[in-house]
Amino acid sequence: MTILDGKKTSADIKIEIAEKVKELKAQGKKTPHLAAVIVGNDGASKTYVGAKVKACELVGFDSTLIELSEDTTEADLLAKIEELNNNSAIDGYIVQLPLPKHIDEHKVLLAVDPTKDVDGFHPANVGRMALELPTFLPATPYGVMELLERYKVPTSGKNVVVIGRSHIVGRPMSILMSQKRAAGDATVTVAHSRTANLKELTLKADIIVVALGVAEFLTGDMVKQGVTIIDVGITRLNDATKKSGFRLAGDVHFESVAPKADFITPVPGGVGPMTIAMLLKNTLLAGENRA
């Protein structure tokens with residue numbers, strides 16, 4: 001069994017990006033600049049955004065953090081987005097989700113300039129991805145593809161089951177893995193909460209990507225020997241044996257699945273660190289495109 005180590009791989013990618021930034025600076029070219037907008041006081045969102053800002057510092061990017069209050073109106077947020085769209089100093093930016101309930105997320109995502117959409121969520125970029133045109137790929141699926149490619153996991157002609165149909169992970173994951181690309185050329189089935197014969201599908205799968213948001217959903221009796229497992233989920237579970245009082249679990253029951261797997265991502269330390277690394281890659285691309 002090979003652990004697909006996202007922590008190590010993301011560190012390698014950050015080193016590569018930092019070297020590229022040094023080259024840009026040595027040539028007198030503009031330093032890539034990422035902005036992040038956060039609305040409200042959601043603890044998890046603040047942690048994620050803080051990690052993204054720290055990662056920018058690590059690779060030598062410029063970064064701007066814009067913190068807006070919970071009662072920020074939709075109109076005020078849209079005005080801030082328009083300001084970022086028109087700011088030539090900003091190469092790319094993200095609007096951290098989820099947003100407060102009084103703000104329409106779809107309206108916000110549509111307002112983002114696609115050329116600065118380093119999250120890869122704008123319909124224009126999703127469409128370009130589907131048509132295999134150059135674009136920003138959604139960071140989490142992009143990170144999974146990078147892991148598969150760097151660890152040389154066989155995907156061509158393989159039977160893949162993606163569990164989860166979200167626009168952020170499941171659907172783009174299914175598109176990317178079916179395309180003619182490195183870590184692609186697979187036959188992909190998208191399963192979800194209404195799939196009636198899920199176990200039948202997973203038992204035939206060579207590769208399973210689980211992005212359901214249900215802790216330890218995929219168990220050892222649902223997979224065959226030699227499977228590749230990509231676990232996108234992360235949930236905090238109460239655990240009295242831990243000093244913190246909790247432990248982190250993925251969507252895969254690691255103890256029962258890992259003995260059957262040829263390749264598997266851990267939680268934490270698998271897909272999570274890759275997401276930030278690929279956001280940085282998208283920002284580097286945005287900077288190069290604008291230059």
Any Lys/Arg nitrogen of [X] or [Y] sitting under 4.0 Å from an Asp/Glu carboxylate oxygen of the other?
| X | Y | result |
| --- | --- | --- |
| Asp76 | Lys80 | no |
| Glu19 | Lys22 | yes |
| Lys158 | Asp206 | no |
| Asp62 | Lys30 | no |

With a 3.5 Å distance limit and no angle check, can you tell me whether [X] reaches the backbone of [Y] through a side-chain donor-acceptor pair?
| X | Y | value |
| --- | --- | --- |
| Glu74 | Asp104 | yes |
| Glu216 | Ala249 | no |
| Asp262 | Thr228 | no |
| Ser256 | Gly220 | yes |
| Glu132 | Arg181 | no |

Could you tell me which non-hydrogen atom of Val112 sits nearest to which non-hydrogen atom of Tyr93, and how far apart they are?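 Taking every non-hydrogen atom into account, CA-OH, 3.4 Å.
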What distance separates Cys56 SG from Leu280 CG, expressed to the nearest 0.5 Å?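 Nearest 0.5 Å value for the SG-CG distance: 5.5 Å.
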If I take atom CD1 from residue Ile168 and atom CE from residue Met173, how far apart are they, to the nearest 0.5 angstrom?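 Here the rounded value is 14.5 Å.
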Other residues, nucleotides, ligands: >12 heavy atoms within 6.0 Å of [X] [atom1]:
| X | atom1 | answer |
| --- | --- | --- |
| His192 | NE2 | yes |
| Tyr48 | OH | no |
| His102 | NE2 | yes |
| Lys7 | NZ | no |
| Arg236 | CZ | no |

Is it the case that the side chains of Asp5 and Tyr151 hold a donor-acceptor pair, with the cut-off being a distance below 3.5 Å and no angle test?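 No pair is found: no donor N or O on one side chain lies under 3.5 Å from an acceptor on the other.
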When you check the side-chain N and O atoms of Asn125 and Thr135, is any donor under 3.5 Å from an acceptor?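 Indeed, the side chains of Asn125 and Thr135 share at least one donor-acceptor pair under 3.5 Å.
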Which pairs would a plain distance check flag for residues 282-291, meaning a side-chain donor or acceptor within less than 3.5 Å of a matching protein atom at least two apart in sequence or in another chain?
residue, atom, partner, partner atom, Å
Asn282, ND2, Val118, O, 2.9
Asn282, ND2, Leu137, O, 2.9
Thr283, OG1, Leu279, O, 2.9
Asn289, ND2, Leu285, O, 3.4
Arg290, NH1, Thr115, OG1, 3.1

Given Ser45, which partner from the list Asn41, Asp42, Thr47 fulfils the side-chain hydrogen bond (donor to acceptor under 3.5 Å, both in side chains) test?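 Only one option passes, and that is Asp42.
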